[in-house]
Amino acid sequence: MEKRVRVRFAPSPTGGLHMGGVRTALFNYLFAKKHGGDFILRIEDTDQNRFVKGAEEYIVAALKWCGIEPNEGVGFGNGIHQPYRQSERKELGIYQKYADKLVASGHAYYAFDTEEELDAMRKRLEAAKVAAPQYNAVTRQNMRNSLTLAEDEVKNLVESKTKHVVRLKVPRNEEIRFNDIIRGWVTVNSSQVDDKVLLKSDGMPTYHLAHIVDDIEMEISHAVRGEEWLPSAPAHILIYRYLGLEDQMPKLAHLPLILNPDGNGKISKREARFPVFPLSWQDPRETAPYIGYKEAGYYPEAFINILALLGWNPGTNEEIFSVAELAKLFDFERVHKSGAKFDPEKAKWFNQQYLRKKTDQELADYFKPVLQEKGYNRDNEFVVSFCKLVKEKVQFVHEFWEQGKYVFESPTLYDEKVMAKKWKPESKTLFTSVYAKFKTVKEWKVETITTSFHEAEAELGKIDMQLLRVLVTGVAGGPQLFDMLALIGKSETLNRIETALSKL
RNA sequence: GGCCCGUUCGUCUAGGGGUCAGGACACGUCCCUUUCACGGAUGAAACACGGGUUCGAUUCCCGUACGGGCUACCA
């Protein structure tokens, strides 16, 4: 029988969760949903030096905003495998137990080398032009460990609580093969794998040991993680094997990375000229926060949609998908092997697609507080009408103000390009007549304005609409002109034309 | 450097032994529009290179180049 699908997202609380991490979480989530399985949040806080305050809370908040909530784990209710924080599991002695087992079976050993000794070893190997300096089957013979030291000496050292680590005893020359769901068979010779530290001298497990122990104990069926883990996967295979748990090992899936748009490499928060965090992130060690997608005006649905299509696609020409649709369609078979450069421009387009799906009322509800902040109070009907007109011009809700502020504020400047090109000496007389014509309109609405305008043209000849637009709004472009005039109102429109004429 | 992974328009990608190599973003042109957009149409734009295998390779294999990842008592 197939194991129940149980996947985990297991970040370490060393900073804000960036978009690459969210994408990994998303693919885990989609896979779990697709198969009716569980999606677990496990916190891998085994590095106490890199622990960052607030990071864990941020991770939980970010997943919530994205709408990809785990159904088990830290911050998401209880589960039968508590605790879900590795520092707490360590207190329970869980990892020690497995490490002891590996030592007992001869697949791991104690190493007493100090930092200085390790440095010296690496320098020695580098000087000897060794291609890959590492603690391995060869070099461990010259180091201070339970393999080279006398038995009673080891016993003394351990009993006297001398600082030591537990290392995996990796065989010298052995082919290690594993089948990655996304990449297929990967083969690595064990000579390329170092004797990984399993238990650190502070008693904490390393990622390598901890994630395996937890994946087993939490009955994880698939380990879905970023490509950066591919090189250490062979070591993980060995650990499962030596623990006698190879048959219970989760299937592995290594996701391609999200790369910088320009230049190369993984997305870095410092260089990016677009948001990299879902929510704004204030690192306690830094002064300025990093703005998030949320604050940049992205809808979570859009953000998720963007991420989903980075490294995966459904094989059709469709591009807009809800999370629920993605969960139906998602499949590792259609996940790429190669990294994807992130395109901020297309990201904006995605957001625009979602913005257009919003109702005018929804947009108005968002815009009202913005408007109030600017010092304007208008009734709901007015704001809804405004949003209806301006929505087609924007990609983000925050652009409503910039794109349509002239509805609320009279222009002080008039688009130079249009004026230079179209404003003629006789224009003043012409628009003075238009002004007079508009003044006679009784009920100021789109239809009457249109009729009035047509009548004016019949009497006066062709009237440049863009010029009229600039006179009233100051800018060259915008929503349908008569709609705008109707919204701005009769007296305000007339005032503005009058003001403009007096200045030109 | 070593090891691992990868390589279709600028970008995200579809495709897969015989296709006009398809779509999307961005960009150009046109249509619609007395303004502005939306929309529609259309254009330019890609199989990294070299060898095989094959009647035929973008597709399969091998090299090379290039890119990325890893190379910690970090994850």
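As a basis for the values below, the full set of heavy atoms in this structure was taken, side chains included, without hydrogen atoms, waters or symmetry mates. In the text below, chain A, chain B and the rest are named by the order of the sequence lines, each starting its count at 1. For clarity, every value in this text was computed on a predicted model and none was experimentally measured.
Where A:Glu228 and A:Lys337 meet RNA chain B, the nucleotide closest to each residue was compared, and A:Lys337 sits on the side nearer the 5' end. Checking A:Ala10 against A:Glu345, the closest nucleotide of RNA chain B that is more toward the 5' end is the one next to A:Glu345.
Relative orientation of the A:Phe112 and A:Tyr110 rings is tilted, given thresholds of 30° and 60° on the angle between their planes. Using a 30° and 60° split on the angle between ring planes, A:Phe438 and A:Trp444 fall in the perpendicular class, above 60°.
Here A:Val197 lies in heavy-atom contact (under 4.0 Å) with sugar-phosphate atoms only. Among the heavy atoms of the strands lying under 4.0 Å from A:Gly477 are primed sugar atoms or P, OP1, OP2 only; no base atom is included. Counting any heavy atom pair closer than 4.0 Å across all strands shown, A:His164 reaches no nucleic acid atom. Among the atoms of the strands shown, base atoms are found under 4.0 Å from some heavy atom of A:Arg50. Using a 4.0 Å heavy-atom distance criterion, A:Lys266 is classed as a sugar-phosphate-only contact. Looking at heavy-atom distances under 4.0 Å, A:Gly311 makes contact with sugar-phosphate atoms alone, never a base. Note on A:Lys462: a base of the nucleic acid sits closer than 4.0 angstrom, heavy atoms only. A:Glu457 comes within 4.0 angstrom of a base, heavy atoms only. Among the protein residues, A:His211 comes within range of no part of the nucleic acid, since none of its heavy atoms lies under 4.0 Å from any strand. Among the heavy atoms of the strands lying under 4.0 Å from A:Leu310 are primed sugar atoms or P, OP1, OP2 only; no base atom is included. Among the atoms of the strands shown, base atoms are found under 4.0 Å from some heavy atom of A:Asp113. Looking at heavy-atom distances under 4.0 Å, A:Thr46 makes contact with sugar-phosphate atoms alone, never a base. In this structure, A:Val186 reaches the sugar-phosphate backbone alone: every heavy-atom distance under 4.0 Å involves primed, P, OP1 or OP2 atoms, never a base. Nucleic acid contact for A:Thr14: none, since no nucleic acid atom lies under 4.0 Å from a heavy atom of the residue.
Proximity of A:Lys346 to the phosphate of B:rC27: no side-chain N or O atom is located under 4.0 Å from OP1 or OP2. Between B:rC70 and A:Arg225, no contact under 4.0 Å exists linking OP1 or OP2 to a side-chain N or O. Taking 4.0 angstrom as the limit, A:His254 places none of its side-chain polar atoms (N or O) nearer than this to OP1 or OP2 of B:rC5. OP1 or OP2 of B:rA75 lies within a sub-4.0 Å distance of a side-chain N or O belonging to A:Lys200. Between A:Asn313 and the phosphate of B:rU13, there is no side-chain N or O to OP1/OP2 separation shorter than 4.0 Å. At the phosphate of B:rC73, OP1 or OP2 sits under 4.0 Å from a side-chain N or O atom of A:Arg122.
Atom name C1', nucleotides B:rC49 and B:rU7: the rounded distance is 12 Å, in whole Å. Comparing B:rC70 with B:rU54, their P atoms sit 42 Å apart, to the nearest whole Å. Taking atom C1' on both nucleotides, B:rG6 is separated from B:rC47 by 15 Å, rounded to a whole Å. Comparing the same atom, C1', in B:rA46 and in B:rU8 gives a spacing of 6 Å after rounding to whole Å. To the nearest whole angstrom, the two C1' atoms, one in B:rA65 and one in B:rG22, are 29 Å apart. Between B:rC5 and B:rG18, the two P atoms lie 28 Å apart (nearest whole Å).
Here the closest heavy-atom approach between residue A:Pro284 and residue A:Trp281 is recorded as CD-CZ2, 4.2 Å. Considering all non-hydrogen atoms of both residues, A:Val170 and A:Ala137 come closest at O-CB, 4.0 Å. Scanning both residues, A:Met143 and A:Met121, for their nearest heavy atoms gives SD-CG, 3.7 Å.
Note on A:Arg140 versus A:Asp195: salt bridge recorded, some NZ/NE/NH1/NH2 to OD/OE distance being below 4.0 Å.
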- Query: Does the pair A:Ser410 and A:Glu492 meet the rule for a side-chain contact (heavy atoms from CB on, under 4.5 Å), with working shown?
  - Reply: CA-CA 8 Å; A:Ser410 305; A:Glu492 177 66 12; 2.9 Å; yes
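The separation between A:Glu392 atom CD and B:rU35 atom C1' is 13 Å, rounded to whole Å. Between A:Asp47 atom CG and B:rA75 atom P there is a gap of 5 Å when expressed in whole angstrom units. Between the CZ atom of A:Phe350 and the C1' atom of B:rG23 there is a distance of 12 Å, given to the nearest Å. Atoms CG (A:Asp180) and P (B:rG69) sit 18 Å apart, rounded to a whole Å. Residue A:Glu319 contributes atom CD, which lies 8 Å from atom C1' of B:rC25 at whole-angstrom precision. A straight line from NZ of A:Lys341 to P of B:rU11 spans 5 Å, rounded to a whole angstrom. Distance, A:Trp229 CH2 to B:rA72 P: 13 Å, rounded to whole Å. Residue A:Leu125 contributes atom CG, which lies 19 Å from atom P of B:rG1 at whole-angstrom precision.
Rounding to the nearest 0.5 Å places CG of A:Asp113 at 3.5 Å from OH of A:Tyr135.
Of the listed nucleotides (B:rC5, B:rU7, B:rG2), B:rU7 has the atom at the smallest distance from the side chain of A:Ser338.
B:rU29 is paired with B:rA41 under the criterion used here, namely a Watson-Crick or G-U wobble arrangement in which both key atom distances are under 3.5 Å. Taking a pair to require two hydrogen-bonding distances under 3.5 Å in either a Watson-Crick or a G-U wobble arrangement, B:rC36 remains unpaired. Shown here, B:rG18 forms a base pair with B:rC55; the pair counts as Watson-Crick or G-U wobble because both key distances fall under 3.5 Å. Using the Watson-Crick or G-U wobble rule with both distances under 3.5 Å, B:rG1 pairs with B:rU71. Nucleotide B:rG6 forms a pair with B:rC66, judged by Watson-Crick or G-U wobble geometry with both contacts under 3.5 Å.
The side-chain contact (heavy atoms from CB on, under 4.5 Å) test with A:Thr493 is passed by exactly one of A:Val472, A:Val441, A:Leu471, A:Ile449: A:Val472.
Put simply, the side chain of A:His336 and the base of B:rU7 share no donor and acceptor less than 3.5 Å apart.
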